[in-house]
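To start, the structure under review is shown below, and the notes come after it.
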2 protein chains.
Amino acid sequence: MVTLAQVAQHAGVSPSTVSYVISGKRSISQDTRLRVERSIAELGYHPHAGARALASNRSHVIALVVPLRTDMFVPVVMEIAIAVTTTARRYAHDVLLLTSEEGPSAIKRITNSGLADAMILMDVELEDERIPLLRQTGTAAALIGLPADPAGLTCVDLDFEATGRLAADHLADLGHREVALIGPAESVYRRHTGFAERTLTGFRQQAGVRGLRFLHRPCGDGHEAASGTLSRIFEERPGITGLVVQNESALPHLLGQLRQSGRAVPEDVSVVAICPDDVALHSAPRLTSVSVPAKEMGRRAVELVMALAAGRPAEELTLLTPALTIRESSGPGPR
Amino acid sequence: MVTLAQVAQHAGVSPSTVSYVISGKRSISQDTRLRVERSIAELGYHPHAGARALASNRSHVIALVVPLRTDMFVPVVMEIAIAVTTTARRYAHDVLLLTSEEGPSAIKRITNSGLADAMILMDVELEDERIPLLRQTGTAAALIGLPADPAGLTCVDLDFEATGRLAADHLADLGHREVALIGPAESVYRRHTGFAERTLTGFRQQAGVRGLRFLHRPCGDGHEAASGTLSRIFEERPGITGLVVQNESALPHLLGQLRQSGRAVPEDVSVVAICPDDVALHSAPRLTSVSVPAKEMGRRAVELVMALAAGRPAEELTLLTPALTIRESSGPGPR
DNA sequence: GTGAAAGCGCTAACAT
DNA sequence: ATGTTAGCGCTTTCAC
């Protein structure tokens with residue numbers, strides 16, 4: 001193992017100089033900086049993470065807590081995790097992967113052991129038991145998702161209320177009068193994860209403003225659930241011509257079922273999805289959608305948490321503005 | 001921050017005693033052990049990870065490298081990652097998440113910085129540029145997937161050749177004579193990730209043995225690709241009555257397309273999927289499938305790598321035996 | 001069965 | 001602009 005002392009010797013300088021060259025915490029003459037950098041490269045030196053953490057009280061690690069039993073669409077979770085990791089690297093940080101399984105005790109363990117300087121939590125619940133802990137320990141943390149009381153916390157999420165409104169507006173603009181919102185499984189609503197309710201709120205509100213008659217139905221995973229939900233919707237309201245779908249895994253089944261039941265998209269029914277762009281693009285027809293900006297959420301969470309860890313202030317609430325992309329699945333309403 | 005010294009004082013023993021109580025590396029009297037443990041709990045002590053790593057040369061961290069541009073089905077990657085994390089915890093280890101983006105340099109960085117004691121690599125390519133590095137540094141590592149030359153490496157994977165054979169056998173047993181294998185996108189074959197080729201090899205071999213006439217077609221993501229592939233298959237070989245599908249994301253589209261084209265499953269065509277069980281269960285009809293044992297792979301990788309890190313020997317090649325579960329999508333062949 | 005003490009490799013005062 | 005040095009909190013001989 002190459003140590004800093006060895007680099008120092010090789011470059012003919014003192015250990016502290018090497019340390020300062022690396023951290024940039026004090027000015028170094030061109031000359032020595034170059035010599036030191038050459039030595040580092042030549043010896044293939046990498047600072048010992050533990051030693052560094054011990055001496056500086058900063059581990060250069062961000063802990064990321066991913067959901068175990070996930071309400072989110074798994075690819076979205078993965079995309080956020082990857083965005084967090086690549087963004088963290090730009091801040092010279094690494095990412096420690098934790099699952100929600102360990103619960104609040106993981107938070108204690110990580111903060112007390114100095115393993116991570118900051119944490120990012122996904123799948124926050126409205127009344128999340130880890131939040132009090134975060135508050136009291138003053139851990140540098142960012143939440144992806146919104147708890148019931150976000151005061152004093154740093155949160156990042158898509159603005160789902162605006163998303164609901166945007167979808168309602170788009171359908172209303174196209175002249176639809178009767179629409180339905182197909183959400184995630186009922187269990188998600190019961191668990192109060194937040195995002196489903198918020199979309200519903202925004203959608204309901206704007207439906208009211210625009211005079212849309214609407215129905216809201218949760219929908220489980222799998223083909224059966226999707227086709228069941230769909231047929232019940234049309235039984236109840238045969239006049240429905242617009243569908244907003246916030247359920248990525250049901251999407252292919254829903255579209256298949258529409259096709260099969262002879263309802264053409266968008267001629268007979270318009271579909272607006274709330275999903276990642278690639279899902280929208282891989283469907284047939286390509287879906288008009290409000291995209292779930294997974295990358296952006298991961299990136300922002302890291303930026304915020306890095307600010308906090310550095311003692312800088314950070315925005316409490318970052319609500320990303322939804323963007324609707326019109327593709328082939330939405331068209332003019334009846335008459 | 002609570003330190004070991006504080007615990008020692010609180011318990012009225014020396015620091016080393018506390019250390020030994022924790023590590024169990026020497027025998028301690030019931031009495032003092034209890035006192036120390038009570039102090040630890042009472043003070044909420046957690047050892048400082050960096051200090052521990054510095055003093056002991058072991059970080060208690062496993063690095064997990066996940067694919068960025070993923071050939072694997074994303075939920076499978078995620079499931080493996082989660083299995084790795086939860087299994088690691090059972091060995092009192094944490095998991096550092098790396099992406100393949102950083103390439104071989106990540107391996108150097110991690111091993112040299114002492115950040116991790118061991119690594120697990122996913123999505124290994126046949127000629128993976130990280131493998132020479134692993135070999136020469138002697139890093140404790142496990143690969144999920146199989147490189148071209150696995151000699152001297154520790155690898156875990158599903159036995160895809162056996163999987164191909166198993167699928168062929170099942171269809172042959174049912175009396176099918178003309179079958180097709182629908183694989184992942186062509187790009188996956190070009191990238192030589194291995195698993196697709198291996199399934200094909202096994203399938204081809206057993207098709208030969210059982211006298212099955214067969215066709216092999218890659219299939220891209222999305223609805224268009226799926227329905228295109230399917231119709232070309234049936235144009236070319238109208239007599240096909242059995243389909244083996246190794247492409248999770250095409251599955252719903254494929255099934256939708258079959259339904260729509262009036263081919264009943266399993267009456268007109270039998271479908272055998274190679275996919276995680278939950279995908280098989282959420283399809284309609286529920287799919288006869290060879291399951292991709294994601295959890296098992298993650299678990300085994302950790303076990304192997306922990307053995308290596310402890311200086312114990314580990315199996316070089318762990319090929320998990322595939323298991324076929326008969327569900328509703330496969331039935332008797334023609335006549 | 002327990003204690004004392006020498007580091008592990010690095011950072012950050014404190015010097016100059 | 002650079003060097004000296006005292007720890008950071010833990011593990012692990014060595015000693016009893």
Sequence neighbours excluded, which residues qualify as salt bridge (Lys or Arg N to Asp or Glu O under 4.0 Å) partners of B:E37?
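Salt bridge (Lys or Arg N to Asp or Glu O under 4.0 Å) list for B:E37, sorted by chain: B:R33.
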Residue list, salt bridge (Lys or Arg N to Asp or Glu O under 4.0 Å) with B:R300, at least two apart or on another chain:
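If we apply the salt bridge (Lys or Arg N to Asp or Glu O under 4.0 Å) test to B:R300, skipping adjacent residues, the hits are B:E296.
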Could you note down all residue pairs passing salt bridge (charged side-chain N to carboxylate O under 4.0 Å, His left out) where [range] supplies at least one of them, sequence neighbours left out?
range: residues 55-66 of chain A; answer: A:R58-A:D117
range: residues 39-57 of chain B; answer: B:R38-B:E42
range: residues 74-95 of chain B; answer: A:E102-B:R89, A:R109-B:D94, B:E79-B:K295, B:R89-B:D94
range: residues 137-150 of chain B; answer: B:R135-B:D149

Can you run down the ring-ring contact (aromatic ring centres under 6.0 Å, His included) pairs that involve [range], sequence neighbours left out, and say none if there aren't any?
range: residues 96-142 of chain B; result: none
range: residues 98-149 of chain A; result: none
range: residues 88-125 of chain B; result: B:H60-B:H93

For [X] and [N], give me the distance from atom [atom1] to atom [atom2], rounded to whole Å.
X: B:L54; N: C:dA6; atom1: CG; atom2: P; answer: 17 Å
X: B:Q9; N: C:dG3; atom1: CD; atom2: P; answer: 13 Å
X: A:R26; N: C:dT16; atom1: CZ; atom2: P; answer: 14 Å

Could you pull out the closest heavy-atom pair between B:A142 and B:V305, with the gap in Å?
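Minimum heavy-atom contact is N-CG2, 3.7 Å.
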Which residues within residues 28-53 of chain B lie with some heavy atom under 4.0 Å of an atom in DNA chain D?
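Within residues 28-53 of chain B, the residues near DNA chain D are B:Y45, B:P47, B:H48, B:A51, B:R52.
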Quick one: is C:dG3 close enough that its OP1 or OP2 comes under 4.0 Å of any side-chain N or O from B:S14?
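For B:S14, the contact criterion (side-chain N or O under 4.0 Å from OP1 or OP2 of C:dG3) is met.
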Starting at the 5' end of DNA chain C and moving along, which residue's nearest nucleotide shows up first, B:V13 or A:V2?
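By nearest-heavy-atom nucleotide position, the 5'-most residue is B:V13.
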First and last nucleotide of DNA chain D touching chain B, 5' to 3', heavy-atom cut-off 4.0 Å?
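The protein-touched segment is D:dG9 to D:dC14.
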Residues in contact with DNA chain C, drawn from residues 16-25 of chain A - heavy-atom cutoff 4.0 Å
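Output list: A:S16, A:S19, A:Y20, A:K25.
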Should the heavy atoms of other residues, nucleotides or ligands under 6.0 Å from CD of B:E316 be counted, would the total exceed 12?
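Result for CD/B:E316: enclosed.
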